[in-house]
Structure formats: C-alpha cells, structure tokens
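Only one structure is covered here, and it is reproduced in the block below.
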Amino acid sequence: VIGAAIVVVGALATATGLAQQRNFDDVEVQAFQVQDNVYMLVGAGGNMTVQFGDDGVLVVDTQFAEMADKLLAKIAELSGGKPIRWVVNTHVHGDHVGGNERFRRAGDAIVAGNVAVEVGGNAGALIVAHENVSLRMARPGPNQPATPAAAFPTDTFFDEQHELYFNDEALEFLYQPAAHTDGDILVYFRRSDVISTGDIYNTTGYPFVDVARGGTINGIIDGLNTIIRLTVPRDKQEGGTMVIPGHGRISDEADVVEYRDMVTIIRDRVQAMIDEDMTLDQVLAAVPSSDYDGRYGSTDGAPQRFVEAIYRTLGGQ
Ligand SMILES: [Zn+2]
C-alpha cells in the first residue's frame, strides 16, 4: 500500500502540481473518446473506462471515492443520463476501487424474475472482479483501511475468463495470474476493439509489482504479451486496437510492444545477475535499469523498487 500510495501521490504531483496533501478539489475530470461509445476518464488515481448505450453504463475502475461526484457528473453528461449498470474492477488497489461504494449506490442493475424479488427492486450497480479482489478486500493488509460492504464485488469469478454481453458488445474479462497483484484482469471490448489493462500496463513509469499482494515480474510480462496478442494494428499506421492503460495516455500495440521489450530486457539483466549469485545490494549497485530510468524511473526510488521486485520474484536470495 505504501508503495502504491507513493506512486500515486508522485504521479498526481507531477501531473497537476499538487503538493503532498491529498486534495481532490481542484482535480478536473477529462474525458477522451477512445472508439465508438468507449471513453477514458482521467481524474485522480487510475484511469476509468466508460462504455454506454441503450442498456446503460458500464465502467471499469472507480478511482478514489472523493472523485465519484465529478466522475458521475461527467458520465451523465456523456451518456445522456443513462443508469450505471456495471462496475468492473481490474484489481484491488485503492486508486482503482475507491469509488466502488458510490458507484454501486448511484447505479441500478438490470434484474428480472426471481432475482428482482430477492433484491427488492433497485440493488444498485453490480460489481464484477476476480475472486482474489474480494479475498484481498476481506483481509486487508497493514495500513489498508477496511472495505465497506457495499464496495465489495457482487459478481466474482475464479476461472481464466469471464464474459458479459452489454450494449450489443461482447466483453471478455481475462484473468492474468500473479501479475501486478494476484487478482488482475484485462477488460476486452470486442466490438469497440479496446482493451482496458489496469496496472499491468501504464505509460508513466515502470510497472509496480505488488509482491505483497502476489504480483510477479513474469506475470506482468505474460500480461503484456496477452495484450500484444489481442491487439491488431491498423495497416501501416498508428491505431487499430486501442489500449487504455492503468495510468497515462491512450496507446496502441506499438506502445505496448516497446514497453514489453523494456520490461523484458531489464528482467533478463536481473536474471543474469542472479545466475551469477549477485546479492540484491550488488544488483542495485549495478543499476540494470540505468538506460531506461530517464524515461520510466523519474520518481524517487522507482528504479530501485522495480529492480528489487524483479530480483525477489525471480527467486534471488
Ligand atoms: Zn494498482
């Protein structure tokens, strides 16, 4: 949590000039159309993906609770006031699930038959996530606040792939084991041709491998390769399948390939050092990320945290 908080505050401070104090008053929500009725909303915390149509609104990730009013207002403006039906969580971190409770209460699930009787009318939006997100919420780590009941996922799955058909579009939720955490999913909008990646991919820095929550470097690389397998570039141009990162700007396949190559090269360097029985201190002193630190490691301690996470999850002693 502390690692994630530092990354978030660092990114926020760089992006908006805010000081250390967490104050969301001045944060504006910006909406970027990605393709068709899929938008990326940028405020504070992780990027939010919004898809809307006749069935209502589906969002991927909910930023921080303090951002909920502004996000809901922007979504109402974009969608013409359509109800929030689904919330999808890419993983458990607070900057991606903080608004869950507000979105659930503001929303209105489509229910019918026995289910409608059971829930007695409006039960709020439904929240879908991998089972491990629920398990992590139920057992918060040190420094992690308890999760309110209404913020928990209502629909969890524990297999590799989960599907939903919404607004004439097939969505796939693809589990990526032991990547950024142990509960990451990619959200693939098949008709709009957009992938929302959560924090397996970002454009602002090295990936954060949350070792305490089951993340590993090889899982991150597997996840990046899954994104690359799903994306198709437009012929000889930029574009094609669009990628919404956990943090940063909208990308296409070429951006993800460059990032995957960078992560893989640094992983391979650390592996070579482990093979030579180098200690963590020796590896850190050798700075295996040095040629990329200017681009990806500008926040304080980011290169060291990244290299240490690689070292530990590759089994370095
Ligand atoms: Zn995260």
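In listed order, ligands and their atoms are each counted from 1.
- Under the 3.5 Å distance criterion, the side-chain polar atoms of R85 are matched with a main-chain donor or acceptor of D55.
- The salt bridge (charged side-chain N to carboxylate O under 4.0 Å, His left out) pairs that include a residue from residues 257-271 are R269-D291, where partners are two or more places apart or lie in different chains.
- Within the 2.8 Å limit, D199 places at least one N, O or S atom next to the Zn ion (ligand 1).
- Taking the N/O/S atoms of H93 in turn, the shortest distance to the Zn ion (ligand 1) belongs to ND1.
- Counting backbone and side-chain atoms alike, H91 contributes an N/O/S atom closer than 2.8 Å to the Zn ion (ligand 1).
- Looking only at distances, no side-chain donor or acceptor of S289 sits under 3.5 Å from a matching main-chain atom of Y292.
- Here F152 sits in one hydrophobic cluster together with V92, V97, V133, M137; the rule is ILVMFWY side chains under 4.5 Å apart, joined directly or through other members.
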